[in-house]
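Worksheet: the structure to be examined is printed underneath.
Every heavy atom of this structure was used, including side-chain atoms; hydrogens, water molecules and symmetry mates were not. Worth saying up front: this structure is predicted, and the values here are computed from it rather than measured. Numbered from 1 within each chain, the chains take letters A, B, ... in sequence-line order.
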Amino acid sequence: MFEFRFADRLIAWQRSHGRHDLPWQVSDPYRVWLSEIMLQQTQVTTVLGYYARFLARFPDIASLAAAPLDDVLALWSGLGYYTRARNLHKAAQKVRDEFDGVFPTTREDIETLPGIGRSTAAAIASFAFGQREAILDGNVKRVLTRVYGIDGFPGEKKVENRLWDLAESLLPADAGDMPAYTQGLMDLGATVCSRSKPACTICPMVDGCVAVRDGRTAELPTKKPKKATPTRDTLMLIALNDDRVWLERRPPTGIWGGLLSLPEFADSAAAEAWLEERGDGELLPTWPELEHVFTHYRLIITPQPARLASLRGNTVREESGQWWELEAALDAGLPAPVKRLLQRLV
DNA sequence: AAATCGGGGAT
DNA sequence: ATCCCAGATTT
């Protein structure tokens, strides 16, 4: 394997093209921590204002820990994801109560604070304490899967573990380079190796990037596999009385809201019970299953035809539905698969 | 409308 | 240890 010197390239790129003017590019772990939390799911430009206001009101961990939660939430108002603020407050109190007010210095200890996982803990350890700890957020996953051509959904344990291993193997030898290296990873992922339309022509990794070489930047990282659309089974009763069919109005919301449709049952026994309540009828052999695909699930319909010879007088029409002449039914608003079923009868 | 995202909570 | 979600934005 040829020597790609990923870290060296990244650090050099960061020094010449990265950002050096962000207010949280300091070694105070509290400031780094605050920025990392605010930057989760929120863009830099939005964070800048909130960050300044938050720090003005809570300049250190002690003041944050001592504040009422409502004051913290007020300063978070508009940022969204408010559990971040609750965790921040709780973590400040934990630092006060369990770490003697001193922010912990190892990734392991940092990770015990609420709202801080492995990647965020590593970012703080790297920026504030210059420790050789690898981060692996969404940006980094994108950069690594592309540059190293790693297939598989990064949310999958196996793939994620591999990415963590890779991220650790790429760390610069000199811990003094960690802030520039970590910032470089974040900046590269955010500004060059973007999700769509990455700026490969200006990327410092372009000549060694597997995704570029193979024309696969659009395919990597591998998308989250669509979980097999759930399947629902239903039995639709096609109750016939001469040339009339029983239809029911569906509730106004939900699937096929407000449309006329056939009554549905869990099984033939339930359908038979329905029949017996209404007259002298018999189930006929079911028709072959019918599949109907929605965006979010597949519906397997078992058509259950039945004949009702004599009706009980009070059930010709009821709250739930009524008998329809087939021709009229087909002209009414019917769900597509129901219409297909009824068309077989004419 | 769908995909995305670190961490937390549930299992 | 692993699966899945909450909550909000971006594409």
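Separating the CZ atom of A:R84 from the P atom of B:dG7 is a distance of 12 Å, rounded to the nearest angstrom. In this structure, A:M38 atom CE and C:dG7 atom C1' are separated by 17 Å, rounded to whole Å. For the pair A:Q41 CD and C:dT11 C1', the computed distance is 16 Å after rounding to whole Å. Rounded to a whole Å, the CG atom of A:L73 is 15 Å from the C1' atom of C:dG7. Note: CD (A:E160) to P (B:dG6) measures 10 Å, nearest angstrom. Going from atom CG of A:L39 over to atom P of C:dT10 covers 13 Å, rounded to whole Å. Remark: C1' of B:dC5 and CG of A:L136 are 12 Å apart, rounded to the nearest angstrom. Taking atom CZ on A:F153 and atom C1' on B:dG6, their separation rounds to 12 Å, with Å as the unit.
When each of A:H20, A:R15, A:Q25, A:R19 is tested with A:Q183 by the rule side-chain hydrogen bond (donor to acceptor under 3.5 Å, both in side chains), just one qualifies, namely A:Q25.
Mapping A:T46 and A:T83 onto DNA chain C by nearest heavy atom places A:T83 at the nucleotide closer to the 5' end. Of the two residues contacting DNA chain C, namely A:G78 and A:N161, the nearest-nucleotide position lying further toward the 5' end is that of A:N161. Sequence order on DNA chain B of the closest nucleotides to A:G117 and A:K223 puts A:K223 first from the 5' end.
Considering only side-chain atoms of A:S119, the nucleotide from B:dG7, C:dA8, C:dT11 that sits closest is B:dG7. Taking every side-chain heavy atom of A:Y82 into account, C:dA8 is the closest of B:dG6, C:dA8, B:dA3. Of the candidate nucleotides B:dT4, B:dG6, C:dT11, C:dT11 has the atom lying nearest to any side-chain atom of A:S196. Listed nucleotides C:dG7, B:dG6, B:dT4 differ in distance to A:Y81; the shortest reach to its side chain belongs to C:dG7.
A:Q40 contributes no side-chain N or O that forms a donor-acceptor pair with the base of B:dC5 under 3.5 Å.
Salt-bridge formation is detected for the pair A:K141/A:E160: a Lys NZ or Arg NE/NH1/NH2 atom is positioned less than 4.0 Å from an Asp or Glu carboxylate oxygen. Ion pairing between a basic and an acidic side chain is recognised when a charged N comes within 4.0 Å of a carboxylate O; A:R146 and A:D214 show no such pairing.
Contacts of A:R118 with the nucleic acid, taken as non-hydrogen atoms under 4.0 Å apart, involve only primed sugar atoms and P, OP1 or OP2. Note on A:R142: only backbone sugar-phosphate atoms sit closer than 4.0 angstrom, heavy atoms only; bases stay farther off. Residue-level contact check: A:T42 touches neither bases nor backbone, having no heavy atom under 4.0 Å from any strand.
When the P atom is used for both B:dG6 and C:dA1, the distance is 22 Å, rounded to whole Å.
A:R84 places a side-chain N or O within 3.5 Å of a backbone atom of A:L79 that can act as its donor or acceptor partner.
Taking the ring centre of A:W76 as origin, the terminal cationic atom of A:R53 falls outside the region bounded by 6.0 Å and 45° from the ring axis.
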